[in-house]
Amino acid sequence: MSDDPLPHSFFARPAPEVAPDLLGRVLRCTLPAGTVELRLTEVEAYQGPDDPASHAHRGPTARNAVMFGPPGYAYVYFTYGMHFCVNLVCGPGGVPGAVLLRAGEVVAGLELARGRRTTSRRDTDLAQGPARLTTALGIDRSHDGADLDGPVLRLFPGTPPPAERIRSGPRTGIAQAAETPWRFWTEGEPTVSPYRAHTPRRR
DNA sequence: GGTAAGATCCGCT
DNA sequence: GCGGATCTTACCT
């Protein structure tokens, strides 16, 4: 990977526009233990303040402050008492938005990622799910606000999939605005759960 | 000062 | 498919 990282201007668009453009991109995380690189296969967009599912919906707080800052930085939060999730802050000035990284394929640092994900039975499970993804990369709250063109986190152009392989659907695990198709994934990737490719039943 | 819900994962059935 | 683990955040009284 000798390409230059994507510039901050890449993120200076609404999150629902940036999200599909993140598929196939490569996120590198460099820590004292070593480097892990992840090719993104599934993401979700959150665009506040009118998005009731977004952490930014109720205005700025100590936790979500990074979402209200400039694009091109990481927003990391803790949830369910045991998990971290990482977002990439997006959006034109003044509009809080972010893209949650849900899944990816480990393309470098496989041994290190396996060591962090001891419960994983297959390599495709290493970063299948937003909390597994942060564990595999070694990301925690200390990376909240980290520059995506910085010494720890860097996002490289990678190889985006052809447009016909990009799918979208409802976001996962949230009660509000579940009908908004702001989840994007690459069709045919083993790191994306197959059942998610189908339209969920309505009742 | 108390409480309910949460952008989840894992093991068991 | 279901429920437990585990704790922070935000909101209410």
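Source: prediction; values computed, not measured. Every chain is numbered from 1, with letters handed out A, B, ... down the list of sequences.
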Legend entry - Note: A:Arg28-A:Glu37 ion pair, threshold 4.0 Å (strictly below): yes

Inset, instruction - Please report, rounded to the nearest Å, how far the P atom of B:dC10 is from the CG atom of A:Leu126. - result: 11 Å

Inset, instruction - Check whether any side-chain heavy atom of A:Pro130 sits under 4.5 Å from a side-chain heavy atom of A:Glu42, and report yes or no. - result: no

Legend entry - Contacts of A:Asp21 that satisfy side-chain hydrogen bond (donor to acceptor under 3.5 Å, both in side chains) - sequence neighbours left out: A:Arg13, A:Arg25

Inset, instruction - Enumerate the residues from residues 54-73 of chain A whose closest heavy atom to DNA chain C is under 4.0 Å, giving them by residue number; use none for an empty result. - result: A:Arg58, A:Thr61, A:Arg63

Inset, instruction - Considering only NZ, NE, NH1 and NH2 on the basic side and carboxylate oxygens on the acidic side, decide whether A:Arg171 and A:Asp51 come within less than 4.0 Å. - result: yes

Inset, instruction - Look at the side-chain N and O atoms of A:Arg132 and state whether any lies under 4.0 Å from the OP1 or OP2 oxygen of B:dC10. - result: yes

Legend entry - Stems where DNA chain C pairs, listed by first number, each of three or more Watson-Crick or G-U pairs under 3.5 Å: B:1-6 with C:7-12, B:8-12 with C:1-5

Inset, instruction - Give the C-alpha distance, both sets of side-chain angles, the deciding distance and a yes or no for side-chain contact (heavy atoms from CB on, under 4.5 Å) between A:Glu187 and A:Ile166. - result: CA-CA 6 Å; A:Glu187 186 68 21; A:Ile166 297 178; over 6 Å; no

Legend entry - With sequence neighbours excluded, residues passing side-chain contact (heavy atoms from CB on, under 4.5 Å) with A:Ala19: A:Val43, A:Ala45, A:Val99, A:Phe184

Inset, instruction - Just do the side-chain contact (heavy atoms from CB on, under 4.5 Å) check on A:Thr119 and A:Arg132 with the steps written out, would you? - result: CA-CA 10 Å; A:Thr119 59; A:Arg132 293 169 171 179; over 6 Å; no

Inset, instruction - Grab the CZ-P distance between A:Phe84 and C:dT9 for me, whole Å please. - result: 10 Å

Inset, instruction - Figure out the CD/C1' separation between A:Gln128 and B:dC10, and round it to whole Å. - result: 13 Å

Legend entry - Face-to-face stacking of A:Tyr80 with B:dG6, centres under 5.5 angstrom, angle under 30°: yes

Legend entry - Atom pair distance, as rounded to whole Å: CZ in A:Phe78 and P in B:dA7: 14 Å

Legend entry - DNA chain B-proximal residues of residues 109-119 of chain A, any heavy atom under 4.0 Å: A:Arg117, A:Thr119

Legend entry - Length of the CZ-P vector between A:Arg122 and B:dC10, whole Å: 13 Å

Inset, instruction - Just grab all the salt bridge (Lys or Arg N to Asp or Glu O under 4.0 Å) pairs involving residues 140-156 of chain A, residues at least two apart or on different chains. - result: A:Asp149-A:Arg154

Inset, instruction - Return the value, rounded to whole Å, for the distance between atom OH of A:Tyr77 and atom P of B:dA7. - result: 6 Å

Legend entry - Separation of atom CG in A:Asn87 from atom C1' in B:dT8, rounded to whole Å: 14 Å

Inset, instruction - When you get a sec, tell me which of B:dA7, B:dC9, C:dT9 is the closest nucleotide to the side chain of A:Tyr75? - result: B:dA7

Legend entry - Distance in Å, A:Leu155 CG paired with A:Leu38 CG, rounded so as to fall on 0.5 Å steps: 10.5 Å

Inset, instruction - Could you walk me through whether A:Arg102 and A:Trp185 pass the side-chain contact (heavy atoms from CB on, under 4.5 Å) test, one step at a time? - result: CA-CA 9 Å; A:Arg102 292 197 56 89; A:Trp185 67 94; over 6 Å; no

Inset, instruction - Starting from P on C:dC7, measure out to NE2 on A:His83 and report it in whole angstrom. - result: 11 Å

Inset, instruction - Check whether the ring centres of A:Tyr77 and A:Tyr75 lie less than 6.0 Å apart, and answer yes or no. - result: yes

Inset, instruction - Could you tell me whether the phosphate oxygens of B:dC10, OP1 or OP2, come under 4.0 Å of any side-chain nitrogen or oxygen in A:Arg121? - result: no

Inset, instruction - Determine, for A:Arg39 against A:Glu105, whether the closest basic-nitrogen to carboxylate-oxygen distance falls under 4.0 angstrom. - result: yes

